[in-house]
Amino acid sequence: MPTRLVHLVIDAADPGRLARFWAEALRWEVAPEEPDEVDVWPPGFSYPDSSALPLVFVPVPEPRTGKNRVHLDLATESRRHQAAEVKRLLALGAVPADIGQRDVPWTVLADPEGNEFCVLDPRPVYRDTGPVAAVVADTADPAAVAGFWALATGWKPADSTESGVSLRSPDGLGPFLELLPSPDRKTVKNRIHLDVAPYQDEDHAAAVRGLTGAGAVPADVGQGSVPWTVLADPEGSEFCVLSPR
């Protein structure tokens, strides 16, 4: 059964505080807080909708360890806009980050809990994405996992990057998902992961079977008894299969 990408989930020591940072950073809004999560999405957003990918902040006791394997790239419209956005984000609580990027046309920052993100130089390919240009994931072999993630997200091949593989929603809205090559091995649970879900009236168990048949495996991240299923992709990156919606 088909699934689609519905959330980007971010582990947080203080979900409310981090959600407020990202709501201001993206000029989005914080949805009414739930006991176990805080959601951030654009004003007037009708969930689920491919025009944007909501951010979901969940509490975790474990501290962040090392560079994240998934991060956000933010879009800008001009060099002046890029500089203004960096200044604005620093005033909101972001800090400069060094991940070995050296001399590049984008700026690497980290949010108040140390999660890296990039403020990109202006690029025509991102002119209609909204504030989030792309969700970027480190992979050992982008081409090898691209088919799996196309199946899991319901997204189609796109052309936003030359250094890996990119996907985007079939209607051409919202951010790209970019799978980029990385020599770094995955050693700990990802603090940022994707959530997918079957469409309304589809079967959750059948969706899980379809994804495991494509190479996913069950994953235990200490979730206990929950109404969703935690899997890992063929390279071991965790994601969740939620109830139909």
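- A salt bridge between D11 and K189 is present, with a side-chain N of the basic residue lying under 4.0 Å from a carboxylate O of the acidic one.
- Nearest heavy-atom pair, W155 versus F176, reported as atom, atom and distance to 0.1 Å: CZ3-C, 4.0 Å.
- The number of heavy-atom neighbours closer than 6.0 Å to CZ of R245, taken from other residues, nucleotides and ligands shown, is above 12.
- Note on D138 versus K186: no salt bridge recorded, every NZ/NE/NH1/NH2 to OD/OE distance being 4.0 Å or above.
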Fill in: CA sep, side-chain torsions, deciding dist, call: N115, L18, side chain to side chain contact (heavy atoms under 4.5 Å, CB included)
CA-CA 10 Å; N115 299 303; L18 201 55; 3.8 Å; yes
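- Nearest heavy atom pair, residue P198 against residue V241, reads CD-CG1, 4.4 Å.
- Within a 6.0 Å sphere centred on CG of D171, heavy atoms belonging to other residues, nucleotides or ligands number more than 12.
- Without hydrogens or angle criteria, R88 side chain to A25 main chain gives a donor-acceptor distance under 3.5 Å.
- T161 is listed as a side-chain neighbour of L180, based on a closest heavy-atom distance under 4.5 Å.
- F21 and L90 fall within a single hydrophobic cluster, where Ile, Leu, Val, Met, Phe, Trp and Tyr are joined by side-chain heavy atoms under 4.5 Å apart, directly or via other members.
- The backbone N or O of G236 sits less than 3.5 Å from a side-chain atom of D233, completing a donor-acceptor pair.
- Taking the side chain as every heavy atom from C-beta outward, E77 and P122 never approach each other to under 4.5 Å.
- Residues W22 and F117 place their aromatic rings such that the two centres sit under 6.0 Å apart.
- In this structure, D39 and H7 have side chains that are not in contact, with every pair of non-hydrogen atoms separated by 4.5 Å or more.
- Atom CG of D195 and atom OG1 of T3 lie 11.0 Å apart (nearest 0.5 Å).
- Each of L92, V40, V30 was compared with E24 under the side chain to side chain contact (heavy atoms under 4.5 Å, CB included) criterion, and only L92 meets it.
- A donor-acceptor contact shorter than 3.5 Å is absent between the side chain of E202 and the backbone of Q200.
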Worksheet item: So L151 and L211, side chain to side chain contact (heavy atoms under 4.5 Å, CB included) or not? Walk me through it.
Response: CA-CA 8 Å; L151 173 68; L211 292 167; 4.3 Å; yes
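- The distance from the CG atom of L179 to the CH2 atom of W149 is 8.5 Å, given to the nearest 0.5 Å.
- No donor-acceptor pair under 3.5 Å is formed between the side chain of T153 and the backbone N or O of L5.
- In this structure, L74 is not a member of the same hydrophobic cluster as V125, with clusters built from ILVMFWY side-chain heavy atoms closer than 4.5 Å.
- Of the possible donor and acceptor atoms, none in the side chain of E178 sits under 3.5 Å from a partner among the backbone N and O of A137.
- In this structure, Q82 and V119 approach most closely via the heavy-atom pair NE2-O, 3.2 Å.
- Remark: D220 engages no residue in a side-chain hydrogen bond (donor to acceptor under 3.5 Å, both in side chains) (not counting sequence neighbours).
- R20 places a side-chain N or O within 3.5 Å of a backbone atom of G16 that can act as its donor or acceptor partner.
- Between the side chain of T212 and the backbone N or O of V208, at least one donor-acceptor pair lies under 3.5 Å.
- R64 and E116 are joined by a salt bridge, as a carboxylate oxygen and a charged side-chain nitrogen come within less than 4.0 angstrom of each other.
- Using a 4.5 Å heavy-atom cutoff, the side chains of P142 and P181 are in contact.
- Using a 4.5 Å heavy-atom cutoff, the side chains of H204 and P244 are in contact.
- You'll find the side chain of V56 stays beyond 4.5 Å of the side chain of L8, heavy atoms only.
- Between the NZ atom of K87 and the OG1 atom of T107 there is a distance of 14.5 Å, given to the nearest 0.5 Å.
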Item to complete: Check the pair R27, E85 against salt bridge (charged side-chain N to carboxylate O under 4.0 Å, His left out), reporting the backbone distance first and the verdict last.
Response: CA-CA 11 Å; R27 296 184 173 89; E85 282 296 276; 3.5 Å; yes
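- For E238 against N190, the heavy-atom pair with the smallest separation is OE1-N, 3.2 Å.
- Under the 4.5 Å side-chain contact rule for hydrophobic residues, I10 and L26 share a cluster.
- In this structure, L72 and L55 have side chains that are in contact, with non-hydrogen atoms separated by less than 4.5 Å.
- Note that OG of S51 is 12.0 Å distant from CH2 of W41, once rounded to the nearest 0.5 Å.
- Put simply, the side chain of R17 never gets that close to the backbone of D14: no donor and acceptor are under 3.5 Å apart.
- Inter-residue side-chain proximity for R79 and P105 is flagged as met; some heavy-atom pair is nearer than 4.5 Å.
- In terms of heavy-atom proximity, A52 sits nearest to P175 at CA-CD, 4.4 Å.
- When atom types are taken as modelled, the side chain of R4 and the backbone of D49 share no donor-acceptor pair closer than 3.5 angstrom.
- Proximity of the aromatic rings of F239 and W228 is defined here by a centroid distance below 6.0 angstrom, and this criterion is not met.
- In this structure, the separation between CZ on R168 and OG on S50 is 9.0 Å, given to the nearest 0.5 Å.
- In this structure, Q101 CD and C118 SG are separated by 7.5 Å, a value rounded to the nearest 0.5 Å.
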Practice prompt. Could you give me the CA-CA distance, side-chain angles and deciding distance for R209 and D203, then say whether side chain to side chain contact (heavy atoms under 4.5 Å, CB included) is met?
Written response: CA-CA 10 Å; R209 288 195 298 271; D203 184 73; 4.3 Å; yes
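- Under the 4.5 Å side-chain contact rule for hydrophobic residues, W106 and L109 do not share a cluster.
- Nearest heavy atom pair, residue H81 against residue T76, reads ND1-CA, 3.4 Å.
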Discussion item. Test side chain to side chain contact (heavy atoms under 4.5 Å, CB included) on R191 and V70; report intermediate values, then the result.
Written reply: CA-CA 8 Å; R191 288 183 69 85; V70 179; over 6 Å; no
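- In this structure, Y126 is not a member of the same hydrophobic cluster as V135, with clusters built from ILVMFWY side-chain heavy atoms closer than 4.5 Å.
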